[in-house]
There are 2 protein chains.
Amino acid sequence: MRDELKIFKKYLKQKGLKQTTQREVVLKLFLESPKHLSVDELSRRVRESDPGIGHSTVYRTLKLLAGCGLALESQFLYGRTCFEPAWGVEPHHHLICTRCGTISEFRDPLIGAVRDKICKGLDFKPEADRMEVYGVCSDCQGPRELREED
Amino acid sequence: MRDELKIFKKYLKQKGLKQTTQREVVLKLFLESPKHLSVDELSRRVRESDPGIGHSTVYRTLKLLAGCGLALESQFLYGRTCFEPAWGVEPHHHLICTRCGTISEFRDPLIGAVRDKICKGLDFKPEADRMEVYGVCSDCQGPRELREED
DNA sequence: CTATATGCAAAGTCTTTGCAACCAA
DNA sequence: TTGGTTGCAAAGACTTTGCATATAG
């Protein structure tokens, strides 16, 4: 059994909640799907796999997954909200292409270092952070040779 | 006349749009209000100043202000969206207290440096970025002497 | 005059909630 | 049994849009 399923089951038991088929299906699809799916897109996939599962169950299950650290909610600009797997995933940040919508990731230890320095200086206790860069990805910029420099 | 009003008027003329009392009122209140106000809060203030101005006019005007660079839209986690003045304001990032909701700002040149380095490496053309740190502000942590260390 | 702007209400989004039926434990 | 769960539909919160009227240029 996957670690994530174990964690989820343990979390449910610990909270006195019940383990249901729907919850397992949502977790499975969540883990199998590409990252950065919108709730709607995930919900559509869940329905394809098991047409009986309602929209609200997907939402409710995602909240539970976020509650036990298996999912992380991201709200990007331009109205997109998505949940992404968070277990065993190192902290990272996002690059969002404003042309094609592709979301990619990057990591850099300096970001965390700056955050800690700032927080220390301002006596702010950090719990979470996010950084996003919006712009045009390599593909959408077209072939390098044809680009106008700006 | 404030620079912002000049810029706005110039923008409107250039786009073939009209200069109206409502637009001026919204701009004025937007500039006079504390930063990081939600659209609803701003709309309420606009109504107080001029009860006839509709909600949609506020929304439409804010979009215009964002279009000419006078306002910047920020969507924070936990459902808060706000516009903040952007003209003559240096790029900065936000600290959001998850207890009291206070939003403060910080600046650090390293953030931009990391962004540029990452983007260069990935051939991504950056247009905008944001960084937010969520946590507990100094006030909400209580008196320093009484805090449990963790 | 004429094209844009306005206010209202209605319609969209996206997400949450109330509820009767259901089902793990 | 019994208390959490589900799907549905309805309700919410927030934002945009359609339209008849008003108005800047």
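Letters go in sequence order (proteins before strands), and every chain restarts at 1.
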Q: For A:Glu127 and B:Thr98: C-alpha separation, side-chain torsions, deciding distance, then whether side-chain hydrogen bond (donor to acceptor under 3.5 Å, both in side chains) applies.
A: CA-CA 9 Å; A:Glu127 293 168 338; B:Thr98 54; 3.1 Å; yes

Q: Classify the ring geometry of B:His93 against B:Phe106: parallel below 30°, tilted from 30° to 60°, perpendicular beyond 60°.
A: tilted

Q: Whole-Å distance between D:dT15 P and B:Leu42 CG?
A: 12 Å

Q: Could you tell me the separation between the CD atom of B:Glu41 and the P atom of D:dT15, rounded to a whole number of Å?
A: 11 Å

Q: Give me the residues of residues 16-25 of chain B where at least one heavy atom lies under 4.0 Å from an atom of DNA chain D, by number, or none.
A: B:Lys18, B:Gln19

Q: Mind calculating the distance between CZ (B:Phe83) and C1' (D:dC14) to the nearest angstrom?
A: 12 Å

Q: Nucleotides 15-19 of chain C: which of its N/O atoms have a protein N/O under 3.5 Å away?
A:
from   : atom 1 : to      : atom 2 : distance (Å)
C:dT15 : OP1    : A:Thr81 : OG1    : 3.4
C:dT15 : OP2    : A:Tyr59 : OH     : 2.3
C:dT15 : O5'    : A:Tyr59 : OH     : 3.1
C:dT16 : OP1    : A:Lys63 : NZ     : 3.1

Q: Round to a whole Å and report the spacing from CD1 of B:Ile53 to C1' of C:dC8.
A: 15 Å

Q: Answer yes or no: does atom NZ of A:Lys35 have more than 12 heavy-atom neighbours from other residues, nucleotides or ligands under 6.0 Å?
A: yes

Q: Can B:Glu4 and B:Lys6 be counted as an ion pair, charged N to O under 4.0 angstrom?
A: no

Q: Do the side-chain N and O atoms of A:Asp108 and A:His92 include a donor-acceptor pair separated by under 3.5 angstrom?
A: no

Q: Would you check if there is a donor-acceptor pair between the side chains of A:Glu41 and A:Ser38 at a distance under 3.5 Å?
A: yes

Q: Rounded to the nearest 0.5 Å, how far does CG of A:Leu95 lie from CD of A:Glu105?
A: 9.5 Å

Q: More than 12 heavy atoms of other residues, nucleotides or ligands under 6.0 Å from CZ of B:Arg99: yes or no?
A: no

